[in-house]
Amino acid sequence: MKPRASDKNELEEPSNKVCKDIETVALVVKEAKADFDLQPVILDEVRPDEVLVEMKYSGICHTDIVLQQGLLPMVEFPAIFGHEGAGYVRSIGSAVKNKDLKVGDAILLSFNTCGSCKPCKSGHPAFCWTHAQVNHNAVRTGDRSTPARMKDGGQGVRSQYFGHSSFAKMSVVNEKCVVRCPYPDKMDIYCPIGCGFQTGAGTVLNVLKPTKDDSIVVFGLGSVGLTALMAARYLKAGQIIAVDIVQEKLDLGKELGATHLVNSKETPHVTEAINNITKGGATYAIDCTGLLRVIEDTVECLAPQGTAALVGVPPSGKKIQLDPLTFLLDNKKLIGVIEGDSNPVEFIPQLMEMQRDGHFPIERLCRTYPVSRLKDAIHDLHAGKVIKPVLQWD
Ligand SMILES: [Zn+2]
Ligand SMILES: [Zn+2]
């Protein structure tokens, strides 16, 4: 039976019996809506299936702000978030399966999996049936414990969000999250591949696979939408239509491969505009906004037999409206796609090589901020001044 997505579990107090403690600092969120607060924390020594990582960079994903606001029901506090990371291996558990991994290796971090369900065993770990629990509960998958506690007072802090919680100078991570990075000098731009960039690119390269005879619409030009667009250009999709309310983002979309732009703030009937461009509807559409009205548009703008993919995180418990008769008669499809159906150990290296060949210009999206300027980074993200802010640890 598929486990429930919202299972909650009590946080076990960390056991620190015979372990060698590691003192570090992390951005702790003490309760919903509290600030990301740089605090001293103590880490347990790594367990057999864990790796100690010294973080160099942490990408800020919009989901981190949703989490900090307490808007995902399966999240509890205090917690360290951050789910895009890059850094160096500082110690390796005794039973880590990747025998090539060495202390000192540069690595990128991605999502966690159970490793044993049907999708995990068939090469689709992003669709792990326990994705919500093993990633969003931010505790170890086995005994629900956490490797971190506050230095001041000793309270346990959830520190394995996505199996790794990258908003920390040092983090004890699950080995399944670790992908080697042969290009340490580029970790600042490769670090966000582990969530945002592989989500956008993977939805196009792994799932939709448009050809020159197809049209594809990307709603929302954040880091996910723009990497989806880059991937569509890489596959030479016939029409690549970018939709957003911010003209600067649309202009960037044009530079990165969009063949048509729709400013949805200035266009009263977006789906009609798409219908005109595509002469009868799009083959594919991707929602990167999570907004209910936009999700409805992704389905409405499709040609017969078209497919709409939901990628942005919508609010919990809400409903969308579809005309089921049209949906049936037009043989449309609506699918959810977590993390671009990526298998990170294979797909992240592929995306790094695409960037090096000039086909995945993610360097255009990233800007680095010292951790002390986290508030500026979040402000710039909300203001549309940066697509992907990346925190730098020193
Ligand atoms: Zn699984
Ligand atoms: Zn993310």
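Both counts, for ligands and for their atoms, begin at 1 and track the order of listing. Quick caveat: nothing in here was measured; it's all calculated off a predicted structure. In what follows, every heavy atom counts, from backbone to side chain, and hydrogens, waters and symmetry copies are set aside. Throughout, numbering of the chain's residues begins at 1 and tracks the sequence.
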**Message:** Tell me if a side-chain donor or acceptor on Asn98 pairs with a main-chain N or O of Asp100 at a distance below 3.5 Å.
**Reply:** yes

**Request:** Give the intermediate values and the outcome of salt bridge (Lys or Arg N to Asp or Glu O under 4.0 Å) for residues Asp44 and Arg149.
**Result:** CA-CA 9 Å; Asp44 287 353; Arg149 62 189 187 276; 3.1 Å; yes

**Message:** Angle at the Zn ion (ligand 1), SG of Cys120 to SG of Cys117, rounded to 10 degrees, please.
**Reply:** 110°

**Asked** N/O/S of His131 less than 2.8 Å from the Zn ion (ligand 1)?
**Response** no

**Lys97, NZ: over 12 other non-hydrogen atoms inside 6.0 angstrom** = no

**Message:** How large, to 10°, is the angle at the Zn ion (ligand 2) when you draw lines to SG on Cys195 and to SG on Cys61?
**Reply:** 140°

**Flag if over 12 foreign heavy atoms under 6.0 Å of CG, Asp185** = yes

